[in-house]
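Per chain, numbering begins at 1; letters A, B, ... match sequence-line order. Any value given below was found using the heavy atoms of this structure, including those in side chains, with hydrogens, waters and symmetry copies removed. From a predicted model like this one, the values you see are computed outputs, not experimental measurements.
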Protein chains: 2
Amino acid sequence: MYQAFMNLTEEKRQAIINAALREFSLNNYATASTNKIVSNANISKGILYHYFGSKKNLYLFLYDYTTTKFSVALNRQIDLAEPDIFKRYEQIMKIKIDLMKQYHALFDFLKKAYAETSSEVRDELNHYNAAFQKNAYVTAFEGIDTSLFRENLDIKKAIDTIQWVTDGISHRYEERLKAHVDNQELFNELIEQCMEEASEYFLFLKTLLYQ
Amino acid sequence: MYQAFMNLTEEKRQAIINAALREFSLNNYATASTNKIVSNANISKGILYHYFGSKKNLYLFLYDYTTTKFSVALNRQIDLAEPDIFKRYEQIMKIKIDLMKQYHALFDFLKKAYAETSSEVRDELNHYNAAFQKNAYVTAFEGIDTSLFRENLDIKKAIDTIQWVTDGISHRYEERLKAHVDNQELFNELIEQCMEEASEYFLFLKTLLYQ
DNA sequence: AATCACATTGACCACAGTAGTCAATTTCTA
DNA sequence: TAGAAATTGACTACTGTGGTCAATGTGATT
């Protein structure tokens, strides 16, 4: 599938993928512009349609590509022997960050795809989605040891809280990261800061939630 | 300002405001369509431009209107004598919910406006924004008693955590609320559920964070 | 009843931007 | 050197845009 595109050099392929992910993460499917994608990727209109045939194919390719990338990374790098939920969260953050270094807009794209309503692609998206969600995120939290929590603690609420604090920190850095996608040094520095801040909050939560 | 519009009956004025808020909360400034607004508000194109003169004026009017509504509601209804941060959060949630009953898309609109980048309106937005943020949200947390927290607790982290848990719960209900904006009964039931869930999580956090 | 000011309509316009095409050109391969 | 494959970008038919304006409706005042 998409042989011609896959035969491209890694560099060129990534430029195209990143331009497309960016456009589809800033706009919904209907208003995203293939003209802008080719302009940002420095390729011609014709060649994009030579590779993908249609806007719809391009979009579905991107969805498949990103969910697969994420899912494979999770399956490969998550250490299921690690029972501490905080360390597991740190692993997940690490995986996400590594992917974002290559594909800045990957998770913005997936977030947007999750909310996509265009009838042109909604059905296919749901089809992929079911498989993706089952496969990836469930296994990412397999084998967590809940006995590490204080006794009589509402574990569901505790886990929700950890999730929401993680979200909050990510959110806090999202804007700044977006503003510096082209300055690799600053970008990496911000990521370092983000991970450190997460560690501090995890330590804070650990003293509250663990025995 | 906008005299003719303000002389309308409350009902008609609200229908127009709600149609516009909805359109601007689903799309950014550039892609939001005045045609869709007039169609959803059941008014003619001409009269909208008679009231507001331009899309830009309409947008800035909405921003001014919503920030003022929110800010006035906060100032009137927040009880600054209440030192418990959890009760203060419950007050704020109550205020937001009351506003959402009238203007479903109000906070979605403000969120979108916060992220708006169109050069056509960005400057004016910043101008309003500075005044709004100073006025409203700062006073909403005035006079919180931090001595209620456990000793040696990192208070900044504690407050962040409370904020993020609140966000998390709101987020959890957002989608479902959006899906039932036209079924008032179900809408109110969901709001009830949301408030109750928030109470439970606050109780959970209180046992962790308070003396 | 006649007048007049204002509210309201919606067909209409010039324009901007769209997804997709294809003849022409360049580049690669053998 | 020939032929295949990659690549270009001007082009098209089309959709939808913000905004206008002559025409009509409405309600109050004389």
For the pair made of CZ in Arg13(B) and P in dT8(C), what is the distance, rounded to whole Å? 13 Å
Does the side chain of Asn57(A) come under 3.5 Å of the side chain of Tyr51(A) through a donor N or O and an acceptor N or O? no
How long is the line joining CG of Leu8(B) and P of dC6(C), in whole Å? 16 Å
Round to a whole Å and report the spacing from CG of Asn7(B) to P of dA5(C). 18 Å
Minimum side-chain heavy-atom gap Glu120(B)-Lys56(B) below 4.5 Å: yes
Compare side-chain N and O positions of Tyr51(A) against OP1 and OP2 of dA6(D) and report whether any pair is under 4.0 Å apart. no
State plainly whether the residues Asp160(B) and Arg172(A) are in salt-bridge range, i.e. N to O under 4.0 Å. yes
Between Phe107(A) and Phe70(A), is the gap from one ring center to the other below 6.0 Å? yes
Do the ring centers of Phe109(A) and Tyr65(A) come within less than 6.0 Å of each other? no
Per-nt protein contacts along nucleotides 9-25 of chain C (heavy atom under 4.0 Å; B base, S backbone sugar-phosphate only, - none) come out as BB-------SBBBB---
With heavy-atom distances below 4.5 Å as the criterion, would you say the side chains of Ile92(A) and Phe141(A) are in contact? yes
